[in-house]
K.L.:
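Have a look at the structure that comes next, please.
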Amino acid sequence: MEQAETRLVKRRRSDKRYRKKEKQSQLAVVSNSQAVALITRLVAAALLILAGFIWILSIQGVDPSAMTDIGLLSVLPPGYYAALVVLVISFSLVVYVLPKATGLLALHITELILFIHATPTLIYGTLRYSWAWKHVGIIDYIIRHGGVDKNISFYNAYHNWPGFFSLNAFMAESAGISLPLEIATWAPIFFNLAFFGAVYLLIRSFTTNDQLVWVAVWFFFLSNWVGQDYFSPQAFAFFFFVTAIGILLRWFYQPTPFPGETLKRWIRSARVATALEQWYQRAAATRTPVAASPVQRVILMIIVVLLMMVINASHQLTPLILIAVLVLLAITRQMSATTLPLLAIVLTAAWMWFVAYPFMGSSLSSILSSFGAVAENVSDTLLNLENASPGQVFVAWMGRALTLAVLALGALGFFLRVRRQYFDLAPVILIFSAFLLLLGNSYGGEIVFRVFFFSTPALAFFIGTLFFRDNDRPLLPVRTVLMAGLSLVLLAAFLFPYYGKDKQYYFSKNEVAATEFLFSNAPAGSLVVEGARNYPVLYRNYEFFTFVPINREPRESRLYLVENPVEVLSRWMGDTRYTAAYLLITTSQKAEIEMLGNMPSGSLDRIEEQLHQSEEFIVLFENEDAVIFTLRSRVNEDIPFSP
Amino acid sequence: MKISHSHLNALWPWIILVWGLAAGLIVFTGALPSQRTWLVFAFLLLCPGMAFVRLLHTGDWIIKATLAVALSLALNAMVALLLLYFRAWSPLNGMMMILAISFLGVMFKTREES
């Protein structure tokens, strides 16, 4: 008995010792991992600061006027690329070691956004893209008139979908800004930060794996090269679209039994019904529902409906893809708000019928005529490379190659997931709905860009899945290195199409001074002849003028004009239906013509030279980058400025 | 001392109230012209939405900030569209409506807490 007691005491003691040892070793593991986490945090912080420091130093003194036909890349120094490499290394390290360090990972994404999107803003100091200037012009109109003119002859689509413009007019006026050029200049950074949050929310609804979420968000920014992030209604509507879908997928998903009986009534084949059921079960097993209280669901639904209403008032295309996505999500039971698609259809139809009727009435026949013409709609988007400069041909091919690579990587990610018994139905629906847009029309030659833009969040998710064997398994070291490698390859490819046209997109302060002079002083009813529609365009008093870009004239007409500029322009500008007439030629107009080749090389230089030599024309304004001519015979006291 | 999400959530009504009063004062009196741009712009960008989004009690600050900015922009856009189509365009009217909406959101929280 005593012996037994002694053995028991001994065992207890040894158990205690074992437990103590185990506790000590656990503590050692914890303190070891805490030490690793601390070291990783310090290293990542140092790398982030280093990358930021190199970036800021590298863009100092960059001369944008020295750009060649491959755009900003031709003037960026090696330091810029070094900063990006350091950032990729730092992100890979943190996502591997500390996938729950939200703040640190968010800083990496923010720095990536700054490196890519703040670089042109800081180097140029002026608003990039001529379209962004045009959008400022609509806001200028609203601020001056306190309303819109739905029947206006020029850019009437903007007056029929004024949500984005009226919002900016209201915010600018409240903040004491008369013309929101500064806001527009920083818009790409704002929109990309907004996309970050929205895409993060969306991808969080696809997976619970923290590492996969961050890797997918990271790849979104390395894939989205199409430049739809400038000061525009489409960028604004895209932010709302992704946020709304993210809310619905995250909080409005409840697994429901497969509607077998209903389906059997529709589908006669038992094999098809069984296959559908299997896929349905697999899709349900792939997703994890997030609980929400009734109050939360009410607030979230109000947010979604408000976002939908504003999307409808702001952009023509986004409501259509929103309807497609909502219908498919409801049919496949990926969201529980099954009546929402109906509301979306009613809202969109009501806006188009009651509010945007002036536009729809005049454009409906052309919209219907191109419906279903997928091949034409695609080919309209592709740049005609026949006459483009060699640099532009290379840039265009890099854009196409990157697009195909992203689509191929996304497809590969999807098939590997299916092989691993996952079926990510919601991201597939997002991609499929975006491709449905090809059935619509060419959307001014931009439809392929828009399809890619709307697909990118889901494609980025599938690219991210390439580095994970399983939803629950963490990143392995080798896969982390591969991820960093793919990031560098995509980044290298991304910079060509994203910065490659910046010789056209950059406007010098001299050009801005010339257009400011013209739009502030020319009397209402003036004719403005432009070399091309690529300059700080239409941003002030735009409804007062009639604009005629030479490079958009019929081919024969513009070639004749280049041969006989004095004869043709004196005829155009002598037309007394216009109060006054001006010819504006700028460096960026010349850049567009040289790069796209839609007029013979040197055409605008030739016109400028001939007009300088002519007695019929005089120069009203001239600096290094712009010149404004008018007819000598029309300079009189009615025209408020003269040489 | 580490500030928790619930601490920050409890602070939001006060932040919105004080910021809203300051922004309103600046817009209505034209005071502080040099600070007006960022004070008012940042208020409009964040606060109207945050007044409601904080009721969601979502722990993820990225999601919370995204929803707050999205809702703020949506509310501003709705107000701007109302002013536009009712031919009542005026930043003062709009600011008054946005302040009312923001303070309404703050009140919801107060009632819930009490």
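All chains are named by letter (A, B, ...) in the order of the sequence lines, taking the proteins before the strands, and each is independently numbered beginning at 1.
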K.L.:
Just wondering, do A:M309 and B:L81 contact through their side chains at under 4.5 Å, heavy atoms?
P.N.:
no
K.L.:
For the residue pair B:L44 and A:S174, what are the closest heavy atoms and their distance?
P.N.:
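Reported closest heavy-atom pair: CD1-CB, 3.9 Å.
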K.L.:
I need the minimum non-hydrogen distance between B:L84 and A:P162, along with the two atoms involved.
P.N.:
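Minimum heavy-atom contact is CD2-CG, 3.8 Å.
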K.L.:
Is chain A contacted by the side chain of B:A65, its backbone, both, or neither, given a heavy-atom distance below 4.5 Å?
P.N.:
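Neither part, no heavy atoms under 4.5 Å.
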K.L.:
Could you look at B:Y85 and say if it's the side chain, the backbone, both or neither that has a heavy atom under 4.5 Å from chain A?
P.N.:
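Contact with chain A: side chain only.
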K.L.:
Kindly indicate whether the side chain of B:W61, heavy atoms from C-beta on, has any atom under 4.5 Å from the side chain of A:T102.
P.N.:
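Side-chain contact under 4.5 Å: yes.
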K.L.:
Give the minimum heavy-atom separation between B:P91 and A:F170, together with the two atoms involved.
P.N.:
O-CE1, 3.8 Å
K.L.:
Side chains of A:F190 and B:V69: closer than 4.5 Å at any heavy-atom pair?
P.N.:
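A side-chain contact exists here, since the closest heavy-atom pair is under 4.5 Å.
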K.L.:
At a heavy-atom separation under 4.5 Å, does A:A244 approach chain B through its side chain, its backbone, both, or neither?
P.N.:
neither
K.L.:
Is the shortest side-chain heavy-atom distance between B:W89 and A:H145 below 4.5 Å?
P.N.:
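Of all side-chain heavy-atom pairs linking A:H145 with B:W89, none is under 4.5 Å.
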K.L.:
Considering only heavy atoms, which portion of A:F164 lies under 4.5 Å from any heavy atom of chain B: side chain, backbone, both, or neither?
P.N.:
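No part of it gets close to chain B.
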K.L.:
Does a side-chain heavy-atom distance below 4.5 Å link B:L67 with A:I247?
P.N.:
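Of all side-chain heavy-atom pairs linking A:I247 with B:L67, at least one is under 4.5 Å.
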K.L.:
Identify the residues of residues 19-36 of chain B whose heavy atoms come closer than 4.5 Å to a heavy atom of chain A, ordered by number, or report 'none'.
P.N.:
B:V27, B:R36
K.L.:
Quick one: which of B:L92, B:L75, B:L39, B:V40 has the most heavy-atom pairs under 4.5 Å with chain A, could you say?
P.N.:
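Of B:L92, B:L75, B:L39, B:V40, B:V40 has the most heavy-atom pairs under 4.5 Å with chain A.
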K.L.:
Quick check: do A:I303 and B:F52 have side-chain heavy atoms less than 4.5 Å from each other?
P.N.:
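Sidechains of B:F52 and A:I303: no contact.
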K.L.:
Against chain B, label A:V355 side chain, backbone, both or neither, depending on which of its atoms sit under 4.5 Å from a heavy atom there.
P.N.:
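It is the side chain, since no backbone atom gets that close.
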K.L.:
Please find the pair of heavy atoms, one from A:G197 and one from B:I62, that lie closest to each other, and give the distance.
P.N.:
CA-CG2, 4.1 Å
K.L.:
For B:L56, does its backbone N or O pair with a side-chain atom of A:Q296 as donor and acceptor, under 3.5 Å?
P.N.:
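Side chain of A:Q296 to backbone of B:L56: a pair is present.
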K.L.:
Quick check on A:T243 against chain B: is it the side chain, the backbone, both or neither that has a heavy atom closer than 4.5 Å?
P.N.:
side chain
K.L.:
Identify the heavy atoms of A:L307 and B:A70 that sit nearest to each other, and give their distance.
P.N.:
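Closest pair (atom of A:L307, atom of B:A70, distance): CD2-O, 3.9 Å.
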K.L.:
If we only count heavy atoms from C-beta on, is the B:L73 to A:L167 side-chain gap below 4.5 Å?
P.N.:
yes
K.L.:
For A:R204, is it the side chain, the backbone, both, or neither that has a heavy atom closer than 4.5 Å to a heavy atom of chain B?
P.N.:
side chain
K.L.:
Go through B:L45 and A:M171 one step at a time and tell me if the side chain to side chain contact (heavy atoms under 4.5 Å, CB included) criterion holds.
P.N.:
CA-CA 9 Å; B:L45 205 59; A:M171 287 180 71; 3.9 Å; yes
K.L.:
Measuring only between side-chain heavy atoms, which start at C-beta, is A:I183 closer than 4.5 Å to B:F41?
P.N.:
yes
